[in-house]
Amino acid sequence: MARIVVKFGGTSVADIDRIKDAALRIQAEAKGGNQVVAVVSAMAGVTNQMVALTDQMGALFDAREYDAIVSTGEQSNAGLMALALQTLGVQARSWLGWQIPIRTDGVHGKARITGIETEELERRLNTGEVAVVAGFQGIGPDGRITTLGRGGSDLTAVALAGALNAERCDIYTDVDGIYTSDPRVVPKARKLDHVTYDEMLEMASLGSKVLQTRSVELAMNHGVRIQVRSAFSGAPGTFVVNEDEIVEQQIVSGISDSKDDAKITLLRVADRPGVAAGIFGPLAEAAINVDMIVQNVSEDGKTDLTFTVGKSDLKAAAGLLKENQADIGYEELISDPDVVKVSVVGVGMRSHAGVAQKMFQTLADEGINIQVITTSEIKVSVLVAGKFGEQAVRALHTAYGLDVE
Ligand code: ADP
Ligand code: ASP
Ligand code: MG
């Protein structure tokens, strides 16, 4: 008897009819002789509504109450799914994060899972009961509800699959797999049969939100077999696998884009030792992540420094830098939230030259100016003006031969 985890995202459980459809899939898995853990998200849009309600309540922000509010969509869907299964004659019950419990650290809003106590859950699975688990949530050291960051139901599913030694973890969603690019942006995007953990990790962190980044990281570390597949068709999806399982390796597997970044430029910074530390120290202390960095030294000993931070951190970062202007010694700060980071990802880059050059040439041919560049072993990212984001993604998709015929 195999143990499996299935996860249904927001659109796959967006209303009663869809919950009933998803329940039929769960029933089929259980009838096939599997022990089934079904992780459910909130109905599509519900978490956003909860976030908006929290915002409307005003300036006083208590992250513990934020979590109490935004986790509710998963709670009601877990109950509804358990009812749908019972209606089909399937033995099932709902589990909230704290009831299992899924233990997390105390970082409300983006908590990390520290451990899962599976004893009672396993005992019930062994009796044939389906466990319907509310995704996205756990319990912190203070006994309060925590949430795992947006898209966090993926993490719930992967973490449970790891803790329960599940044979597979099927992520049901509104696309039938992982594509070379977001199919909503690139109509010619191609579905991949397989993608490596490394590539999916880069793609997710660079904006392909089909899987939450941390869920991919956890799957990689624990060897969890993920399949991303459609909740609306029976077709096989995309498997996230180790590199050695891929027979024919593409040089480039995907193009990602992210609108989550913002650019800051400091003009005419003094060019002397310690300046970069003076700039990035206060940002690090405030837990503001800096991603891409470029520095140009001009002949008069002054330098311009450009870097990116998360869009949601832009205000705080600019504020801190202005506070420290005299110490750092720059003349002007320019911030620009209207940028897109476009990235080319592929493990084949490790062994093939010229990938970056093709990217730069393609963007040049399109007349798109590159503002900042960063690279890693398996990706090249560039920052371009917001209005060029989609054009850049489509042109690169064609240039690397990824378009479907
Ligand atoms: P769910 O609610 O099921 O978790 P998400 O909206 O989080 O679904 O993720 C699915 C969406 O991810 C798709 O609708 C698609 O637009 C988007 N997406 C972004 N990049 C990709 C990609 N490379 N392949 C497939 N889907 C992608
Ligand atoms: N409902 C949560 C969100 O919208 C978690 C999830 O769907 O994965 O972020
Ligand atoms: Mg998701």
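Note: hydrogens, waters and symmetry copies are ignored here, and every other heavy atom, side chains too, is used. Counting starts at 1 for both ligands and their atoms, in listed order.
Side-chain contact check for Gln86 versus Leu83: some heavy-atom pair is nearer than 4.5 Å.
Counting heavy atoms under 4.0 Å from ligand 2, residue Gln212 does not touch it at all. At a heavy-atom distance under 4.0 Å, no atom of Ser153 approaches ligand 1. For Asp182, heavy-atom contacts with ligand 1 shorter than 4.0 Å involve the backbone as well as the side chain.
Looking at Gly151, Ser12, Ala14, Gly10, it is Gly10 that brings a heavy atom closest to atom 2 (O) of ligand 1.
Note that OG1 of Thr238 and NE2 of His194 are 9.0 Å apart. Values are rounded to the nearest 0.5 Å. Here the CD-CD distance, from Gln99 to Gln75, works out to 8.0 Å after rounding to the nearest 0.5 Å. Here the NZ-CG distance, from Lys341 to Asp291, works out to 3.5 Å after rounding to the nearest 0.5 Å. Between Thr156 atom OG1 and Glu74 atom CD the span is 8.0 Å, to the nearest 0.5 Å.
Looking only at protein heavy atoms, the nearest one to atom 6 (C) of ligand 2 is Ser153 OG, 3.4 Å. Remark: minimum distance from atom 7 (O) of ligand 2 to any protein heavy atom is reached at Ser41 OG, 3.1 Å. Here the protein heavy atom with the shortest distance to atom 8 (O) of ligand 1 is Thr173 OG1, 3.1 Å. Looking from atom 9 (O) of ligand 2 to the surrounding protein, the closest heavy atom is Arg150 NE, 2.6 Å.
Between Pro187 and Arg394, the shortest heavy-atom contact is CD-CD, 4.3 Å. When all heavy atoms are compared, the tightest approach of Leu211 to Ile178 is CD1-CD1, 4.3 Å. Between Asp198 and Arg350 the shortest heavy-atom distance is OD2-NH2, 3.6 Å. Closest heavy-atom contact between Val216 and Ala204: CG2-CB, 4.4 Å. Minimum heavy-atom separation, Tyr330 to Gln325: O-NE2, 3.2 Å. Nearest heavy-atom pair, Ser12 versus Phe232, reported as atom, atom and distance to 0.1 Å: CA-CZ, 4.2 Å.
Near Asp174, with a cut-off below 4.0 Å to any heavy atom, the atoms of ligand 1 are 10 (C), 11 (C), 13 (C), 14 (O). Taking every heavy atom of Lys209 and a limit of under 4.0 angstrom, the matching atoms of ligand 1 come to 7 (O), 9 (O), 19 (C). Atoms of ligand 1 found under 4.0 Å from any heavy atom of Lys7 (numbered from 1 in listed order, with element): 4 (O). Close approach to Thr47 involves these atoms of ligand 2, each under 4.0 Å from a residue heavy atom: 1 (N), 2 (C), 3 (C), 4 (O). Atoms of ligand 1 lying under 4.0 Å from at least one heavy atom of Tyr179, given by number and element, are 22 (C), 23 (N), 24 (N), 25 (C).
Residues forming a side-chain hydrogen bond (donor to acceptor under 3.5 Å, both in side chains) with Gln212 (at least two apart in sequence, or on another chain): none.
Residue contact annotation: Ser41 has no non-hydrogen atom under 4.0 Å from ligand 1. Using a 4.0 Å heavy-atom cutoff, Gly177 is listed among the residues neighbouring ligand 1. Using a 4.0 angstrom heavy-atom cutoff, Gly9 does not count as in contact with ligand 2. Residue contacts with ligand 2: Gly10 is excluded, as none of its non-hydrogen atoms falls under 4.0 Å.
Annotation: Ile178 places no N or O atom under 3.5 Å from an N or O atom of ligand 1; distance criterion only. Some N or O of Gly151 is nearer than 3.5 Å to an N or O of ligand 2, by distance alone. The shortest N or O to N or O distance between Arg184 and ligand 1 is under 3.5 Å.
Using bins of under 30°, 30° to 60° and over 60° for the plane-to-plane angle, the ring pair Phe61/Tyr66 lands in the tilted bin.
Shown here, atom 26 (N) of ligand 1 is in close reach of the protein: a heavy atom of it lies under 4.0 Å off.
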